[in-house]
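Okay, so here's the structure we're looking at.
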Amino acid sequence: MKRYVILISGRGSNMESLLDAGLPGVCAAVISNRPDAAGLASAASRGIATVAIDHRGFAARSEFDAALAAEIERHAPALVLLAGFMRILGDDFVRRFEGRLLNIHPSLLPLFPGIKTHAQALAAGVRLHGCSVHFVTPALDGGPIIAQAAVPVQADDDVASLGRRVLAEEHLLYPRVARWFLEGRLHLVAGRAHLTGEIAVSGALHAPQTDQMRG
Ligand code: GRF
């Protein structure tokens, strides 16, 4: 079974959805840059090894990145999943893990990169909002998109209500994508996400729903 590592900074609800999905792999560790991340206790309660590497203990971003990379490599993962990991990773780190480094972002990329995505969506007046899972490249929230789920924006939505509905879709989308990767069906090929095999159609507005990405 392939090994994977999850990186978090806080609550860890996406981490929980990954750990509870019965993925065809072994979670070797959950690593946080914040020792007080609530997700660490949640991972430990599931019997997963947890590690905290406090970014505040490093003088330079590159030193933190190097320590994080060394810790990840110790677990020899086939896949590294950023799940609410709130540190920007440097180019060297990203290149080292490119092709096996995924992120979930709470917007329909390339709209609304960065933070406060639900507020951005409401301010822009979009009628559809959602989440994206993408390969991580040095461009912030700019790597090749693998899959997205959309939710309608309702007239009375605020940041909290919209965020809740997007988060519910995140919890479905990220395990789907992680499963594809662990099954050996998802690769980064020439700067594009390449997916093979059948994809079960779901009721929600998830794309892709068929094997339209093949070829
Ligand atoms: C999620 O919305 C994720 O997409 C974003 O940060 C949030 C983390 O939430 N990157 P959680 O820690 O997974 O509950």
Side-chain angles (χ1 to χ4, degrees), residues 4-21 23 27 29-46 48 50-55 68 79-89 93-94 97 101-124 126 128-153 157-179 181 193 204-207:
Y4 63 94
V5 164
I6 305 174
L7 270 54
I8 63 168
S9 296
R11 177 178 56 181
S13 71
N14 276 289
M15 173 207 76
E16 289 171 340
S17 74
L18 291 162
L19 294 178
D20 294 346
L23 294 174
C27 182
V30 169
I31 304 172
S32 173
N33 66 305
R34 302 194 73 98
D36 60 351
L40 287 176
S42 172
S45 76
R46 288 166 168 78
I48 308 292
T50 61
V51 183
I53 303 177
D54 192 338
H55 64 274
L68 180 62
L79 174 62
V80 180
L81 296 149
L82 305 183
F85 186 72
M86 300 306 284
R87 296 294 296 171
I88 293 174
L89 296 162
F93 180 99
V94 169
F97 294 101
L101 184 59
L102 305 186
N103 183 43
I104 186 151
H105 182 77
S107 79
L108 293 174
L109 290 170
L111 288 175
F112 317 135
I115 59 171
K116 298 194 164 81
T117 56
H118 309 314
Q120 290 189 60
L122 290 171
V126 293
L128 286 172
H129 184 42
C131 53
S132 307
V133 178
H134 63 95
F135 281 106
V136 177
T137 63
L140 179 65
D141 299 325
I145 295 166
I146 301 162
Q148 298 181 303
V151 301
V153 179
D157 261 333
D158 57 19
V159 165
S161 63
L162 184 56
R164 267 195 303 277
R165 290 206 311 286
V166 171
L167 190 64
E169 293 304 323
E170 293 183 45
H171 294 163
L172 299 175
L173 190 69
Y174 211 4
R176 280 184 81 195
V177 174
R179 180 178 300 278
F181 190 98
L205 186 51
H206 284 213

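For ligands, and for the atoms within them, numbers begin at 1 and follow the listed sequence.
For atom 6 (O) of ligand 1, the closest heavy atom belonging to the protein is Gly84 CA, 3.7 Å. Residue, atom and distance of the protein heavy atom nearest to atom 10 (N) of ligand 1 are Ile104 O, 3.4 Å. The nearest protein atom to atom 11 (P) of ligand 1, hydrogens excluded, is given as Ser13 N, 3.4 Å; this is a heavy-atom distance. With hydrogens left out, the protein atom closest to atom 4 (O) of ligand 1 is Glu170 OE1, 2.6 Å, a heavy atom.
Between the choices His105, Arg11, Met15, the shortest heavy-atom distance to atom 9 (O) of ligand 1 belongs to Arg11. With distances taken over non-hydrogen atoms, the option nearest atom 5 (C) of ligand 1 out of Pro106, Gly163, Ala37 is Pro106.
At distances below 3.5 Å, at least one donor-acceptor pair connects side-chain atoms of Ser132 with backbone N or O atoms of Ser107. A distance-only check finds no donor-acceptor pair linking the side chain of His134 to the backbone of Ala147 [under 3.5 Å]. A distance-only check finds a donor-acceptor pair linking the side chain of Asp141 to the backbone of Gly114 [under 3.5 Å]. When atom types are taken as modelled, the side chain of Gln148 and the backbone of Leu109 share a donor-acceptor pair closer than 3.5 angstrom.
Inspection of the Ser161 and Arg165 side chains reveals no N or O donor paired with an N or O acceptor under 3.5 Å.
Within the structure, side chain to side chain donor-acceptor pair (under 3.5 Å) pairs that include any residue of residues 108-122 comprise His118-His129 (at least two apart or interchain).
Using a 4.0 Å heavy-atom cutoff, Ile8 is absent from the residues neighbouring ligand 1.
On a distance-only criterion, Gly12 and ligand 1 share at least one N/O pair closer than 3.5 Å.
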